Each structure stands twice: as structure tokens, then as C-alpha cells.
J.: 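Shown below is the structure under consideration.
Keep in mind that what you see is a predicted model, and the values were worked out from it rather than measured. What's counted below: heavy atoms across the whole structure, side chains too, no hydrogens, waters or symmetry copies.
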Amino acid sequence: MIVAALLSPMTASAAGERDIGGGAAAAASAGNTRTTGDAAGVRDSEIKAEPFQNRVVTFNVCNPCRWPDKGSDPAMHIRQIAEQIKTYRPQIVALQEICVGETERLAELLDFRYGLDYNIAHGSVTNRTGRCYPYGKAYGNAILSAAPLTNKVNHIYGQGGSEPRGYVAADTTLNGKTYRIVATHLAEAGQSAVRTGQVKELVAEATKYPDVIVLGDFNSQPNGAELAPMWESFRDADPNCTPQSTTNCQMTIGDQGQPNGRKFDYIWQRKGYAQPGVGVHNNYSDHHLVHADIPKPCIPINC
């Protein structure tokens, strides 16, 4: 059985959490909810953990972290991702650097072990066995949602940079409201000209929808020129983060207040909607997991 092979003890850590605004209390709640094998003799799915119905997460799972020279292996890597999702229990997850085969096994594991049942929208951008072995070769982005996903679209950017990049989009329900969810991964750092074109394509898609959340790894600091079109129509969930106040942003790579700190991972909503705050969580990956708890539906600007 595929899942059984993945059920050895978890190794990932959710230490190093930082929260801003509305994410703080919810993150504390998630961190205190233990659904791993602490209850001896009880399968974890029997201690069913419901997702927070207003919570979204973006997480670059670090494809290179799946190999022994990084202290892992492909099966352990899936367990590490599952541990992070279990800990924060989001309604919606945007994943970057993940293979279709890994995503399928991840969903099976989350359901079997933790009782977290997710639907999937795959966003493959390339076929590379070396990225995915032994789980096929389709690689890119993915969306997980506790609610059904409809009107799925997978788009590969016209220019990818060092490798193809793209976005996956779908409609789903968050906090009782239908949203368009767009999950993306832009070209690598140092390829700002390529990202400029990618952002143009992304904004053209995302601005079609008044109720849209764009999540992902943008590989750019908030003051990067390529992000200007995003800031024109959207704002990040971190209320302290703007192009003019990059140092106030919660860093999603490296350490806060240190030279290695970078803000590359974003949760964008249309202007006029409340900025809920973010939780930023260190883990096994080279990117921190970022979550936001989206407020209940309200009228824009009056939120």
C-alpha cells in the first residue's frame, strides 16, 4: 500500500514561528493541536483534525530537499510536507516545487493519517524525472483545498527563465465564500526581466476576478520593479509590508533582521479588502511556510 510506506515518524519541526496581526492567535491554536502519534495505539486519522475554514497557506516545499545530501529522501520529504500542513490545518494550500505524484501521495497521507481530506488542482510546468523520481516526472505547482475545486486552469508562462514556470488557478470555497485561487512560482532570483513578463501574465489573469487570492513564491523583494503591477491591484496579507517598507515585512527566507532575510513569499488580496496578518513558520525547507486567516466576507473598503 502506498500510504503505509510513508508512515514512519515525522522529522520536520514547526519551530521559529512569527506572527503578525490576525494570524497570531490562530497559529497558536494550530501549534497546540497535537494530531501526531502521541496517542499511543491510535491511528492519527481517528483524532480527526478539521481545517481552519478561513486559513490559506503558501509553501515552497524545496524540491532539492528531498535527497539524502539534504538529510531526507523522497518518501520522507512527503512526510515532512504533511507534518507542516497538519500543524497549521489550512483550508487552502498553495504548493510550489512539487510533483504530481508527490501531491497525490501527500493527499493520501493527509487523509489516512490525519483525517484531512483535500481536493487537488495540479499545475505541472515541466516533465523532469530527476525532479520527481520515483513519483513520475510532472513537476510544478499545486493547490490543495478542503472544498471542491472547479474551473481549473494550468498556465505556463511564455518565458520561464532557467526552467518553465507558471500558475494554477481554480475556484473554491473559503469561509463560506467562493474565491478564485491562483498559485504561482516565478523565475529564480536574478531573473527580474523574466519575472516582469510573468507578472504581466499573472495580473492579466488575476484581475479578472473581484474575489481572488494569489499565493506563491515570487522570488522578489517587495520593492522589486517587477512587482509594481501586483501592488497596483493587490496588497499582501502582511499589513506592515509595502514596497516602501521592505524591512518591516516578515521575512520568508532566512532570518528576520539579518542580511540573509528575504521576503519572497506572498499572499495577495485585491485592494480594499482587510489585511489579515500573517504567520511565518520556519521548517525543513529553504522557504518558511506562510499562512493568513482571511476575515469573513464583508464589503470591500468597509471591512
J.: Does any N or O in the side chain of T252 come within less than 3.5 Å of the main-chain N or O of D265, such that one atom is a donor and the other an acceptor?
T.: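 Yes, T252 side chain to D265 backbone: donor-acceptor pair under 3.5 Å.
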
J.: Examine distances only and state if a side-chain atom of R128 and a backbone atom of Y139 form a donor-acceptor pair shorter than 3.5 Å.
T.: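 No, because the side chain of R128 does not come within donor-acceptor range (under 3.5 Å) of the backbone of Y139.
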
J.: Between V290 and D238, is any pair of side-chain heavy atoms under 4.5 Å apart?
T.: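 A side-chain contact is absent here, since even the closest heavy-atom pair is not under 4.5 Å.
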
J.: With a 3.5 Å distance limit and no angle check, can you tell me whether N141 reaches the backbone of G166 through a side-chain donor-acceptor pair?
T.: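 Yes, N141 side chain to G166 backbone: donor-acceptor pair under 3.5 Å.
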
J.: Centre of Y157's six-membered ring, under 6.0 Å away, within 45 degrees of the axis: is that where NZ or CZ of R165 sits?
T.: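 Here R165 fails the 6.0 Å and 45° test against Y157.
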
J.: Taking the ring of Y284 and the ring of H77, is the distance between their centroids below 6.0 Å?
T.: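 When the ring centroids of H77 and Y284 are compared, they turn out to be within the sub-6.0 Å range.
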
J.: Okay, side chain of Q275, backbone of N240: is any donor-acceptor separation there less than 3.5 Å?
T.: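 Not a single qualifying donor-acceptor pair exists.
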
J.: Taking atom CG of D286 and atom CD1 of I253, what is their separation to the nearest 0.5 Å?
T.: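 It is 6.0 Å, given to the nearest 0.5 Å.
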
J.: For L174 and I181, what are the C-alpha separation, side-chain angles and deciding distance, and is it a side chain to side chain contact (heavy atoms under 4.5 Å, CB included)?
T.: CA-CA 10 Å; L174 179 73; I181 303 298; 5.6 Å; no

J.: Any donor and acceptor pair, going by atom type alone, linking the side chain of R66 with main-chain N or O of C132 inside 3.5 Å?
T.: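 Yes, the answer is positive, given that a donor and an acceptor are paired below the 3.5 Å cut-off.
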
J.: Would you check if the side chain of Q256 reaches a backbone N or O of G261 as a donor-acceptor pair within less than 3.5 Å?
T.: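 Pair absent, no side-chain N/O of Q256 close to backbone of G261.
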
J.: So, R235 side chain and E232 main chain: donor-acceptor pair closer than 3.5 Å or not?
T.: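 No, the answer is negative, given that no donor and acceptor are paired below the 3.5 Å cut-off.
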
J.: Is it true that H122 and E104 share a donor-acceptor pair across their side chains at a distance under 3.5 Å?
T.: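 Their side chains do contain a donor-acceptor pair, which is all the 3.5 Å distance test asks for.
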
J.: Are V212 and V199 joined in one hydrophobic group, where the rule is that I, L, V, M, F, W and Y side chains link up if heavy atoms are under 4.5 Å apart?
T.: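 Yes, same cluster.
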
J.: Is there a donor in the side chain of N219 and an acceptor in the side chain of E188, or the other way round, less than 3.5 Å apart?
T.: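 No pair is found: no donor N or O on one side chain lies under 3.5 Å from an acceptor on the other.
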
J.: Look only at the side chain of Q221 and the backbone of K263, and say whether a donor-acceptor pair between them is shorter than 3.5 Å.
T.: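 Indeed, once roles are kept as given, a pair shorter than 3.5 Å links the two residues.
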
J.: First locate atom CD of Q250, then atom SG of C241, and finally report the distance between them rounded to the nearest 0.5 Å.
T.: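 Going from the CD atom of Q250 to the SG atom of C241 covers 9.0 Å.
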
J.: Is the Y266 ring parallel, tilted or perpendicular to the F218 ring (thresholds 30°, 60°)?
T.: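 Perpendicular: the ring planes of Y266 and F218 meet at over 60°.
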
J.: I'd like to know if the side chain of T103 reaches the main chain of C99, judged simply by a donor and an acceptor atom lying under 3.5 Å from each other, with no hydrogens or angles considered.
T.: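 Checked: pair present.
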
J.: Do E108 and R105 sit within salt-bridge range, that is, some charged N less than 4.0 Å from a carboxylate O?
T.: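 R105 and E108: not salt-bridged.
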
J.: Is any side-chain heavy atom of T87 closer than 4.5 Å to a side-chain heavy atom of H291?
T.: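 Sidechains of H291 and T87: no contact.
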
J.: Please report the C-alpha distance between V182 and W268 in whole Å, then the side-chain angles of each, then the deciding distance to 0.1 Å, and finally whether the side chain to side chain contact (heavy atoms under 4.5 Å, CB included) criterion is met.
T.: CA-CA 10 Å; V182 184; W268 304 92; over 6 Å; no

J.: Judged by modelled atom types alone, do Q96 and T58 share a side-chain donor-acceptor pair under 3.5 Å?
T.: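 Indeed, the side chains of Q96 and T58 share at least one donor-acceptor pair under 3.5 Å.
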
J.: Under 3.5 Å, side chain of Q198 to main-chain N/O of A187, donor-acceptor pair present?
T.: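 Yes, the answer is positive, given that a donor and an acceptor are paired below the 3.5 Å cut-off.
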
